[in-house]
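Side chains are part of it too, since the values below use all heavy atoms of this structure and drop only hydrogens, waters and symmetry mates. Throughout, a chain's letter reflects where its sequence line sits, starting with A, and its residues are numbered from 1. The shown structure was predicted, so the numbers you read here are calculated from the model rather than taken from an experiment.
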Number of protein chains: 2
Amino acid sequence: MTERSFLHPGAEEIALPDLLFALSDPTRLAVVAALADGAERSCGELGGDVPKSTMSHHFKILREAGLTRARPEGTRCRLTLRRAELERRFPGMLDAILKHAGK
Amino acid sequence: MTERSFLHPGAEEIALPDLLFALSDPTRLAVVAALADGAERSCGELGGDVPKSTMSHHFKILREAGLTRARPEGTRCRLTLRRAELERRFPGMLDAILKHAGK
DNA sequence: GGCTATGTTCTATAGCTCTCGAACATCAGA
DNA sequence: TCTGATGTTCGAGAGCTATAGAACATAGCC
């Protein structure tokens, strides 16, 4: 991690179009679906066989859209879904979408 | 209308990433929100001050994503939201999103 | 200090998206 | 049939996005 902490938008700054755009990519939607159980995961666990630089790009988009929160831990980067905040700002929406992830 | 009828995906072909992408543009999201009451509207009513060719492009994306149904009527083109079909394929999702349109 | 693991950033490239003027197609009405 | 209204399609330009290799940064461990 070159920077100690990542940029995350505040809950009130999260914009619906940005959220939907971030979720409109199958790779990113899969990442969010994998985080849906609330557990914290490292980037490596979420990448599959996609190159790291490509995944890093997707992680950045998810983070800046306000979907995920990134926390550096050693040389790793741990990700969580910002479930509670998203639920407060867009009640019911994330669940309604994730229920259909995979379609 | 140069072609008598437009291409619409069947309900089963509608893909979630395509839906989310179509909704991730503020102009298109506004169109969908305007159609949310179930009423049929012509393209002209939905355009605002955006050039017609630009709107036509957005209408095409909405249509091909499976969100709207286009019906030629005279020289006009009438649009409706494919609410029932979308509700059957992605229960609760569209409402959950439209509830927050504008944010 | 050297080595390895984990990610990020940089750079490049190909392809896509948005926008919009111009030309075209279709229909209704006078 | 001519005209106006309504949209679509075509073409071009600017900007963005996805992908991925290469270089770099950081932390843990020997």
In whole angstroms, the gap separating P of C/dT17 from CG of B/D25 amounts to 12 Å
Between C/dG15 atom P and A/H57 atom NE2, what is the distance in whole Å? 17 Å
Choose from C/dT8, D/dT6, D/dT26 the nucleotide whose nearest atom is closest to any side-chain atom of A/T75. D/dT26
Please round to the nearest 0.5 Å and tell me the distance separating atom CZ of A/R76 and atom CZ of A/R41. 13.0 Å
Side-chain donor or acceptor of A/E64 paired with backbone N/O of A/H8 under 3.5 Å: no
Which whole-number value in Å describes the distance from B/F6 CZ to C/dT26 C1'? 11 Å
I'd like to know if the side chain of B/S56 and the backbone of B/S53 have a donor-acceptor N/O pair within less than 3.5 Å. no
dist A/T27:OG1 -> A/L46:CG (nearest 0.5 Å) comes out at 12.0 Å
Taking the side chain of A/F21 as heavy atoms from C-beta outward, which of D/dA18, C/dC18, D/dG7 is closest to it? D/dA18
Donor-acceptor pair, A/K103 side chain versus B/R89 backbone, under 3.5 Å? yes
Interatomic distance, CG@A/L20 vs CZ@B/R28, rounded to 0.5 Å, equals 11.0 Å
Provide, to the nearest angstrom, the distance between the CZ atom belonging to B/R78 and the C1' atom belonging to D/dT8. 18 Å
Rounded to the nearest Å, what distance is computed from the NE2 atom of residue A/H58 to the P atom of nucleotide C/dT9? 15 Å
For the pair made of CD in B/E73 and P in D/dT6, what is the distance, rounded to whole Å? 13 Å
Mind telling me whether A/F90 and B/H100 have parallel, tilted or perpendicular rings, with 30° and 60° as the class edges? perpendicular
Does any residue of residues 59-67 of chain B have a heavy atom under 4.0 Å from DNA chain D, and if so, which ones, in number order? none
Nearest whole Å is fine: how far is D/dT8 C1' from B/R71 CZ? 18 Å
Hydrophobic cluster identity match, B/V50 and B/L62, side-chain contacts under 4.5 Å: yes
Quickly, which of B/D37, B/L35, B/D95 forms a side chain to side chain contact (heavy atoms under 4.5 Å, CB included) with B/R83? Name it, please. B/D95
Heavy atom of residues 39-54 of chain B under 4.0 Å from DNA chain D: which residues? B/S42, B/C43, B/G44, B/K52, B/S53
